[in-house]
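Every heavy atom of this structure was used, including side-chain atoms; hydrogens, water molecules and symmetry mates were not.
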There are 2 protein chains.
Amino acid sequence: MSTQCNCKMISAKEIDEIKQGLPAAATIEDMANFFKVFGDFSRLKLLYYLSKAELCVADLASLAGMQASAVSHQLKTLRLNRIVKYRKEGTVVYYSLDDQHIEGLFELALTHLQENR
Amino acid sequence: MSTQCNCKMISAKEIDEIKQGLPAAATIEDMANFFKVFGDFSRLKLLYYLSKAELCVADLASLAGMQASAVSHQLKTLRLNRIVKYRKEGTVVYYSLDDQHIEGLFELALTHLQENR
DNA sequence: TTAGTATATGAACAGATATTCATATAAGGG
DNA sequence: CCCTTATATGAATATCTGTTCATATACTAA
């Protein structure tokens with residue numbers, strides 16, 4: 001065994017061990033896309049409001065200080081990722097959370113931020 | 001009370017109730033930035049490898065199929081967000097996770113993805 | 001010192017993305 | 001019917017972001 005750096009010299013066995021139990025690349029990509037949804041200030045704000053109450057688009061826009069159009073675009077993203085669900089009542093569409101794990105995600109993030117202050 | 005849509009007509013009291021317990025805008029922004037770090041395929045891949053072993057830049061590049069430079073750039077992002085830590089040994093820099101909650105984050109994401117298949 | 005290796009960094013480019021604006025759809029009231 | 005309101009959608013734009021390439025730094029060995 002030389003004193004040389006063992007970088008780029010991981011054995012096939014070690015590579016196998018490291019890759020053992022890792023999700024498939026497609027799964028990791030799905031996960032990245034899932035986290036990406038939460039990685040935006042506007043969307044996260046909307047989700048926080050929805051964690052408190054079922055709200056229509058106009059109310060969300062008013063609370064978040066956004067245009068209804070921008071809210072609608074973001075809600076579409078949240079819908080496509082099955083993070084919110086909606087209910088129509090006349091011309092009004094009420095949105096609410098469609099995921100039980102969101103509060104858990106928020107808490108994990110807050111814990112991380114507090115520990116690193 | 002009219003039959004009119006109550007959008008944009010939330011009372012000050014309701015607004016207060018909804019905003020009650022919400023983190024400050026700056027905190028929500030911090031959270032969004034935290035999630036953003038996980039919202040990228042390359043970074044998530046690197047974090048998965050690091051969850052299995054302490055690894056140097058070259059090994060990470062080899063495992064992830066990325067250039068060392070790209071890995072280094074991403075590791076900087078992870079360092080700045082205090083998600084990984086490093087240890088120097090000669091010219092080699094070994095990286096490892098610096099957050100106990102990452103596995104929890106991964107599990108939450110996986111759970112969400114599995115429930116919506 | 002000189003050469004070689006591991007990592008980091010800055011600039012530049014390409015691709016992604018959030019917002020805005022204009023417009024479309026859809027439902028209700030008059 | 002027409003008019004208004006609530007929401008959705010498409011295109012355009014400006015900003016952000018990840019990678020690459022070239023180069024710099026830092027450490028080791030000879």
Side-chain angles (χ1 to χ4, degrees), chain A residues 1-10 28-29 32-47 50 54-81 84-96, chain B residues 1-10 28-29 32-47 50 54-81 84-96:
Chain A
M1 191 73 69
S2 69
T3 57
Q4 184 184 1
C5 156
N6 64 354
C7 298
K8 296 175 182 165
M9 294 183 67
I10 293 186
I28 296 182
E29 183 142 35
N33 286 329
F34 176 70
F35 286 124
K36 198 177 293 182
V37 175
F38 296 90
D40 176 79
F41 179 57
S42 299
R43 278 193 297 268
L44 207 53
K45 221 175 6 172
L46 295 176
L47 288 175
L50 292 175
E54 182 190 56
L55 293 162
C56 71
V57 177
D59 285 341
L60 282 169
S62 170
L63 280 164
M66 298 169 64
Q67 290 188 199
S69 173
V71 172
S72 188
H73 277 294
Q74 298 296 18
L75 287 171
K76 183 176 188 176
T77 299
L78 295 170
R79 255 189 290 124
L80 291 176
N81 284 278
V84 302
K85 58 178 189 271
Y86 63 94
R87 173 177 71 83
K88 293 192 180 184
E89 199 168 293
T91 58
V92 183
V93 182
Y94 291 97
Y95 281 85
S96 56
Chain B
M1 193 73 70
S2 69
T3 58
Q4 184 184 1
C5 157
N6 65 353
C7 296
K8 298 175 183 166
M9 293 183 67
I10 292 185
I28 296 182
E29 185 142 34
N33 285 329
F34 175 71
F35 286 124
K36 197 176 294 181
V37 174
F38 296 90
D40 176 78
F41 178 58
S42 298
R43 278 193 297 268
L44 208 52
K45 223 180 355 175
L46 295 177
L47 288 175
L50 292 175
E54 182 190 55
L55 293 162
C56 71
V57 177
D59 284 342
L60 281 168
S62 171
L63 280 164
M66 298 170 65
Q67 291 189 196
S69 173
V71 172
S72 187
H73 276 296
Q74 298 296 18
L75 287 171
K76 182 176 188 176
T77 299
L78 295 171
R79 255 189 290 124
L80 291 176
N81 284 278
V84 301
K85 59 176 187 274
Y86 64 94
R87 173 177 71 83
K88 294 191 179 182
E89 198 169 294
T91 59
V92 183
V93 182
Y94 291 97
Y95 281 84
S96 57

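Looking at heavy-atom distances under 4.0 Å, F41(A) makes no contact with the nucleic acid at all. K88(B) comes within 4.0 angstrom of nothing in the nucleic acid, heavy atoms only.
For dA18(C), the OP1/OP2 oxygens have a side-chain nitrogen or oxygen of R43(A) closer than 4.0 Å. Proximity of Q74(A) to the phosphate of dT19(C): a side-chain N or O atom is located under 4.0 Å from OP1 or OP2. In terms of phosphate contacts, S72(A) brings a side-chain nitrogen or oxygen within less than 4.0 Å of OP1 or OP2 of dA8(D). Between Y86(B) and dA6(C) there is no side-chain polar atom (N or O) within less than 4.0 angstrom of OP1 or OP2. The phosphate of dA6(C) (OP1 or OP2) has no side-chain N or O of Y95(B) nearer than 4.0 angstrom. OP1 and OP2 of dT19(D) both lie 4.0 Å or more from every side-chain N or O belonging to Q67(B).
Between A70(A) and G90(A), the residue anchored nearer the 5' end of DNA chain C, judged by the nucleotide with its closest heavy atom, is A70(A).
Put simply, CG on N33(A) is 16 Å from P on dT17(D), counting in whole angstrom units. Atom pair M66(B):CE and dT17(D):P shows a separation of 16 Å (rounding to whole Å applied). In this structure, the CG atom of L60(B) is 15 Å from the C1' atom of dA8(C), given to the nearest Å. At whole-Å resolution of the value, OH in Y94(A) and P in dA6(D) are 10 Å apart.
L50(B) approaches Y95(B) most closely through the heavy-atom pair CD2-O, 3.3 Å. In terms of heavy atoms, L44(B) sits closest to I28(A) at CD2-O, 3.4 Å. Between R43(B) and K36(B), the shortest heavy-atom distance links the atoms NH2-O, 3.3 Å. The heavy-atom pair separating A64(A) from L46(A) by the smallest distance is CB-CD2, 4.0 Å.
Nearest to the side chain of V57(B), among dA18(C), dT19(D), dA8(C), sits dA8(C). If you check dT7(D), dC27(D), dT7(C) against the side chain of T91(B), the one that comes closest is dC27(D).
Side-chain N/O atoms of H73(A) and base N/O atoms of dT17(C) include no donor-acceptor pair closer than 3.5 Å. Judged by atom type and distance alone, S42(A) does not reach the base of dT19(C) through any side-chain donor-acceptor pair under 3.5 Å. Interface remark: the S69(A) side chain does form a donor-acceptor pair with the dT9(D) base, using a distance-only criterion of under 3.5 Å.
Contact annotation: the side chain of H73(B) never approaches that of T77(B) to less than 4.5 Å [non-hydrogen atoms, C-beta and beyond].
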